[in-house]
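Reminder, nothing fancy here: chain letters follow the sequence lines and each chain counts from 1.
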Protein chains: 2
Amino acid sequence: MPDGSVKKPSRIQRRNRSAILDAALNVFSRHGYRGATLDQIASEAGLSKPNILYYFDGKEDIHVTLLSQLMETWLDPLVEMNPDGDPVEEILDYVQRKLAMAKELPRESRLFAGEILQGAPRIEPELKNSLKPLFDEKCALISAWIAQDRLPPLDPRHLIFSIWATTQHYADFESQVSLLLFEGEDPYANASAHLDAMFRKLLTR
Amino acid sequence: MPDGSVKKPSRIQRRNRSAILDAALNVFSRHGYRGATLDQIASEAGLSKPNILYYFDGKEDIHVTLLSQLMETWLDPLVEMNPDGDPVEEILDYVQRKLAMAKELPRESRLFAGEILQGAPRIEPELKNSLKPLFDEKCALISAWIAQDRLPPLDPRHLIFSIWATTQHYADFESQVSLLLFEGEDPYANASAHLDAMFRKLLTR
DNA sequence: TCGTGGATTTACCAAATGGTAAAAATTTCT
DNA sequence: AGAAATTTTTACCATTTGGTAAATCCACGA
């Protein structure tokens, strides 16, 4: 069995597991957990359904694996917020990193959004263990900056929520955004300028 | 047959149809379209499955009915934005109406978010017919205000996206928000102050 | 080259699910 | 009350879906 043992995975194992995860990311992000079928994932990965179940314990295992892997990438832009930098620029850079992430990894954004939307039934532990401590740490950092008068007084938690909401919106609500904007236009270029201006105004003076 | 004819619906029809729609709203908003089952909806509505199919043509019919009814309510806060009012106060009031909506109708917000997340497969026509014209109209209004120097220059479209994103976030990502905030705290009270301050700063000077 | 263990396919299955037909029950109208 | 129309239940059905058992295939090291 590929899982459970301590053996290092073979070439074939690495190739197939990542093919499955990539296919699953497509399917889960488009149709949600229940809307995705193993047959769809299998066909998109170019493998048979039983072959997929040779590599993963089941549908839920694939989904959880995907979410766990995603979590690290997802948190990275926030991790990079540097306590020693300039507060305004650090936060504005964070906004841009988060927006770039929505642009480059929209499938991941939608996978995550779908899971949270349904009450985070499969990722809650991960949220408590990874997201919460990081969130608290960065809220404390921003509070410290405010106490030093390097930022205007505001609620760090709702600031972060606003950053998350505005950046992820472009990936999660892409179908609505592209319907409302001119065709052929790149939403992200304008969003980048808009969000920079908005949060800059919020964070200065 | 209850549908298709022109007869006015009976007491029983109104009661049962609305019981079904309320139950369906619970189930669809919690589990998404594919994750919801007719049996769940039936049991939550206190009716049998075939009885539900007596009132609606099928699962999709229930879902579309729900989304169509929702659309009107959903658009209402934006409709109320008054061209003759003060630009800043009109937009700030809109933010508060939208936030109140997320607080009062979180199920509806999540139903809508789930549909958009999956590419709006069943509500796209409605978006084109109802949302798009209203969006364009209000964008033109804000542009006019800017041209009259009553608002600072900004992209009306992305302003509206930011309002949608930040307000709906509290309903759509409720499980994440409540996990990150202190227990027992009301997120909406603080969100209201935060968003008012943020958008006020953006819109003044 | 041949055996061995990992990889893949074939052939299934049980449960869940959306939906239907028709009988039975109930309400409504005269 | 009794006929007619509406509403609800009972008994199904076909398909989909997650998952399994076992046979077969195949890569690779000795």
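Taking atom CZ of A/F56 as the reference point, atom P of C/dA7 lies 13 Å away to the nearest angstrom. Atoms CD1 (B/I52) and P (D/dT10) sit 15 Å apart, rounded to a whole Å. As rounded to whole Å, 10 Å separates atom P of D/dA27 from atom CZ of A/R15. With rounding to whole Å, A/I20 atom CD1 is found 9 Å from C/dT8 atom P.
Residues B/K103 and B/Y170 have side chains not in contact (no heavy-atom distance under 4.5 Å, counting atoms from C-beta outward).
Classification of A/R157 and B/E185 as a salt-bridged pair holds, one side-chain N sitting under 4.0 Å from a carboxylate O.
Rounded to the nearest 0.5 Å, atoms CD (B/E174) and CG (B/L181) are 11.5 Å apart. Put simply, CG on A/N26 and CZ on A/R110 are 10.0 Å apart, with the number rounded to the nearest 0.5 Å.
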- Just by protein heavy atoms under 4.0 Å, how would nucleotides 10-29 of chain C read 5' to 3' in B, S and -? BB-----SBBB-------S-

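Between B/Y54 and D/dT7 there is a side-chain polar atom (N or O) within less than 4.0 angstrom of OP1 or OP2. Look at A/N51 and you won't find any side-chain N or O under 4.0 angstrom from OP1 or OP2 of C/dA7. Within the 4.0 Å cut-off from OP1 or OP2 of D/dT6, not a single side-chain nitrogen or oxygen of B/Q13 is found. The side chain of B/N16 contributes an N or O atom lying less than 4.0 Å from OP1 or OP2 of D/dT8.
A cation-pi contact, defined as under 6.0 Å to the ring centre and within 45° of the axis, is absent between A/K138 and A/Y94. With a 6.0 Å cutoff to the six-membered ring centre and a 45° limit on the axis angle, B/K59 counts as a cation-pi contact of B/Y33.
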